[in-house]
Amino acid sequence: MGTAISGSSRPTASRPGSRSRALGPGAANPVCVEGPMSRYNPAEIEPAWQKYWDEQGTFHVTEDPAKPKFYALCMFPYPSGSGLHVGHPESYTAIDIVARHKRMTGHAVLNPIGFDSFGLPAERAAQKENRHPATITRERIAYFREQLQKMGFSFNWEREVSTCEADYYHWTQWIFLKLHEQGLAYLAEVPVNWCPAQGTVLANEEVVDGRYVETGDPVERRNMKQWMLKITVYAQRLLDDLDGLDWPEGVLEMQRQWIGRSEGAQVRFEVEGKGAFEVYTTRPDTLFGATYCVLAPEHALVSTLTTAEQQAEVETYIAAAKNKSDMERQVAADKEKTGVFTGSYATNPVNGEQVPVWVADYVLITYGTGAIMAVPAHDERDHAFASKFGLEIRPVYDEGKGHDYQAAAWAGDGAAVNSGAFDGMAMAEFKAAIIDHLEEKGLGERKVNFKLRDWLFSRQRYWGEPFPIVHTEDGGIHPVPAEQLPVALPHVDAYKPTADGEPPLARATDWLHTTFEGQPALRETNTMPQWAGSCWYYLRYMDPHNTELPFGQEAVSFWNQVDLYIGGVEHAVLHLLYARFWHKVLYDCGLVPTKEPFQRLFNQGMILAYAYREQSGKYHHPDGVVRRKGDMSTITSAWNQQPVETDWYGADGTPVEEKLGKMGKSLNNSVDPLEIVAKYGADTLRIYEMFMGPLEQVKPWQTAGCEGVHRFLSRAWRLFIDEETGEPRPFGTTSKPVRKALHVAINEATEGIEALKFNTPISKMMEFVNACRGNTPAREEAEAFALILSPWAPHLAEELWKRWGHTTTLSYEPWPAFDASALVEDTITLVIQVMGKVRAKLEVPKDIGKDEALALAKADPTVAKWIDGKTIRKEIFVPGRLVNIVAT
RNA sequence: GCCCGGGUGGUGAAAUGGUAGACACGGGGGCCUUAAAAGCCUCUUCCCUACGGGGAGUGCCGGUUCGAAUCCGGCCCCGGGCUCCA
């Protein structure tokens, strides 16, 4: 934030940390310049229409069985302290265009908005400012709401939800009780990142090199009692039901990989006199090549298997692994594998060989059985490990090309060798045969495994939903009865853990101590993660004021499921997977009619912005930066310390280099949408957001690009409104080129909205205005134009509609019909190619035949020159398009 | 390393087997104006030109085709994500 905004455009809501300065000379406000009284003035018409829509309840929607329904949803925002930047309205604008179009095609449209308002940043702000996070959050929401309302989105504001309010989290808790009732919630000891100095648990991204990134305090892994949700029970269904969804292929693929189904076998390895462990493998066909085994450091059998001589080394290794985060373990092991020998040997069940058992952190306790059989000849990771520690590498497949197994692993198919009775088999046959063999002998069994793990569902934080759970002294864990909900967040004296490391809620001693069926009891002091509220908000929107249930059956049977969901690809896995999981649980409880929550999903591309950095590392806001062409300076790049030439200069004349990056505080390149609204109007902002390029594409914001869009809207205004009087210009008569341009635009808009391509329709609407060349078209054409423009630029369209004498909103007018006959011309431009190169263009009747076209082509002097003296080998004729003469 | 996106003028882009650069931004020239702003007209991929044209060109190399930005194979670069999943 901290972007330049003119004083007059200051939003009324207070916004912490903001500043303002006067607009520079180059940033004249076209809205305020002198001129005719009735020029296009969004500052006047936009608030008026926003007021009208609000007062008239234009977009209020009810469950009307006479209409088909459409549920359009954008991912709701987290109300951060810095407000929305111009990247956010991209998906809201796209959804709004679809919603407005669907109303015009007779649908009952649900297009709600709300706020994902629990979460860590507000808690941090509360600690710093010593204010209640609810107060801070509500202030932030007020500014977000103002920003959204000034962009003219047709949201169902009467359905707004905020996940941190008791009337919402009441029902989040209610759904948790359902999960608990279904046996899907349980307590488990789970390792967390514990920071003793802060007395708190940290998220993975807050820990780097074993230290808290903010303070540098050391972090250790510590087991804590945590609530878990059994999402793994749903793994197969979460995988199977992806098939019917209209989602981007990339997102489906990421979900499939995250769920990570694999088929293989679980095999038992005996250690003489010390017991046995099981390994999971997808390659039971390589069992004869298993030359050692590896246990995860956390595996229960490690201490039993460690011999006296190896004990010191193993213990040191385990201690080191324990304090590394999963991420660190991965990064370190990518560079070089580590591990230690336990001193014990296990029996390979298929050939009776004794193989050494090692401990290494490249084996994860959380996957499979936490133990593996290692086949270095056929697995890269095992190969790297075996090479480092001098373990045997024994191939069990001959791939037929003399592969050097000592140099590298090879995981492909071939003919089995060194595998006793199985020699000669190919992979598929071998797999089936050896699993049968293992099952017959009782050495193992067929097994399906998933990468997906149960969901760690508790946080040691204040600003989240309290669990509706009490603990009695006898160790009993009891759900709070549904009629006693909500369990309200208590007030606490500080938003940090207690002195003995209990979560912040433990500070509320009056709240903490309660009774359960007459016995003294303590309330659960963990809170739910931020995902909880966003797992079901799309259902609450269907029936947001229900005080008896999270949502009523009547509402949910009408709205059914979300028809179109637009949001960032960063939520491709977790949010979407968690919401799908809860939805399936609710489905199993008979509370929702569909197996899946979101039928169609679309990811908008991130909007980037140029950032300008001087060699000291300081960022200059793009507003003050200018390019002085030809005036090059050489500076040391703050990005890579290399000398770099630049002709960009900050407002103070300092040379700066340009780089594209995420819009945000850290690069000092955010742009507040209200700044653009003040300068150009909401309609310009909306259209520019869409005009920048395809919705799914990552693209850079350039405020200057708004100029062209604003000019287009001004030109459209002038086309229909007399700028001196403000009266509508008299309508003209229709003409062929204008009618054609209109129907091209109607077609492009109609198809574009369906395909979520919102950029090219704008070009076609610009072409329509250009085609009119200042001559007002016929009334029918003008009105059709306003109607197709209205999803993109609703304020301008409404204003024109009103000035043409209509007395109600155009939001429910029928969408204009496309007439293909308007596009038909009598003649076409026929392209004449010789050897694939364009040599001439001829104006010919549209239905010209091949013979006639070729005759005309050959008669053209330029064409004649190119085929003169050559033999014609082939003649291509594409009706209505081109002729290609192949001559050599 | 693996997975997912993406490379087209000075810039954002359009064209998904048939005229590469629509529509805009920026820039040049002109009109209007006492002047400026706004507006309007016009040029604007690069190179050559005897001004008629000609040649090259969609990250690089190759292929298929009468014809490729578009389809196929190989490579390079950029952005995002990642749980060594046995």
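So you know, we letter chains A, B, ... as the sequences are listed, proteins then strands, and number each from 1.
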Counting side-chain heavy atoms from C-beta on, which of [options] comes nearest to [X]?
{"X": "A:Ser763", "options": "B:rA38, B:rA22, B:rA20", "answer": "B:rA22"}
{"X": "A:Asn884", "options": "B:rA15, B:rU19, B:rC66", "answer": "B:rC66"}
{"X": "A:Thr862", "options": "B:rU19, B:rA13, B:rG54", "answer": "B:rG54"}
{"X": "A:Arg839", "options": "B:rA22, B:rG55, B:rU19", "answer": "B:rG55"}
{"X": "A:Phe691", "options": "B:rA24, B:rA15, B:rA13", "answer": "B:rA24"}
{"X": "A:Val878", "options": "B:rU19, B:rC40, B:rG18", "answer": "B:rG18"}
{"X": "A:Ile372", "options": "B:rA86, B:rG12, B:rG18", "answer": "B:rA86"}
{"X": "A:Arg718", "options": "B:rG12, B:rA14, B:rG39", "answer": "B:rG39"}
{"X": "A:Gln257", "options": "B:rU19, B:rC3, B:rA86", "answer": "B:rC3"}
{"X": "A:Arg381", "options": "B:rC23, B:rC41, B:rC85", "answer": "B:rC85"}

Notebook entry, point to check: Between A:Trp247 and A:Phe602, is the ring centre distance below 6.0 Å?
Noted result: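 Distance test on ring centres: not under 6.0 Å, no.
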
Return no unless some side-chain N or O of [X] is found under 4.0 Å from OP1 or OP2 of [N].
{"X": "A:Asn759", "N": "B:rA14", "value": "yes"}
{"X": "A:Arg711", "N": "B:rC25", "value": "yes"}
{"X": "A:Tyr280", "N": "B:rA86", "value": "no"}

Please classify the nucleic acid contact of [X] as base, sugar-phosphate, or nothing, using heavy-atom distances under 4.0 Å.
{"X": "A:Ser714", "result": "nothing"}
{"X": "A:Glu696", "result": "nothing"}
{"X": "A:Met692", "result": "sugar-phosphate"}
{"X": "A:Lys699", "result": "sugar-phosphate"}
{"X": "A:Arg873", "result": "nothing"}
{"X": "A:Trp866", "result": "sugar-phosphate"}

Next item on the list: Name the orientation of the base relative to the sugar in B:rG62: syn if the glycosidic angle is within 90° of 0, else anti.
Entry: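 Anti conformation for B:rG62.
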
Check: Where does B:rG67 land, syn or anti, given syn is within 90° of 0?
Finding: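 Chi for B:rG67 falls in the anti range.
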
Notebook entry, point to check: Is any side-chain N of the basic residue among A:Glu263 and A:Arg261 closer than 4.0 Å to the acidic one's carboxylate O?
Noted result: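 Here A:Glu263 pairs with A:Arg261 in a salt bridge, since their nearest N and O are under 4.0 Å apart.
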
Next item on the list: Identify whether the distance between the nearest side-chain nitrogen and carboxylate oxygen of A:Glu875 and A:Lys858 falls below 4.0 Å.
Entry: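 Salt bridge between A:Glu875 and A:Lys858, a charged N being under 4.0 Å from a carboxylate O: yes.
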
Item checked: 5′-ward residue of the pair A:Gly368/A:Arg773 relative to RNA chain B ->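 Of the two residues, A:Arg773 wins.
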
Checklist line | Secondary structure of RNA chain B in dot-bracket form (Watson-Crick or G-U wobble, distances below 3.5 Å, | marking inter-strand pairs) | finding: (((((((..(((.....[....)))((((((.......))))))((((....))))..(((((..]....))))))))))))....

Note to self: I'd like to know whether CD of A:Glu825 has more than 12 heavy-atom contacts from other residues, nucleotides or ligands below 6.0 angstrom.
What the structure shows: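 More than 12 within 6.0 Å, yes.
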
Margin query: Say we look at B:rG29 and B:rG79: how far apart would their P atoms be, to the nearest angstrom?
Written below: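 The same atom, P, in both gives a distance of 38 Å.
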
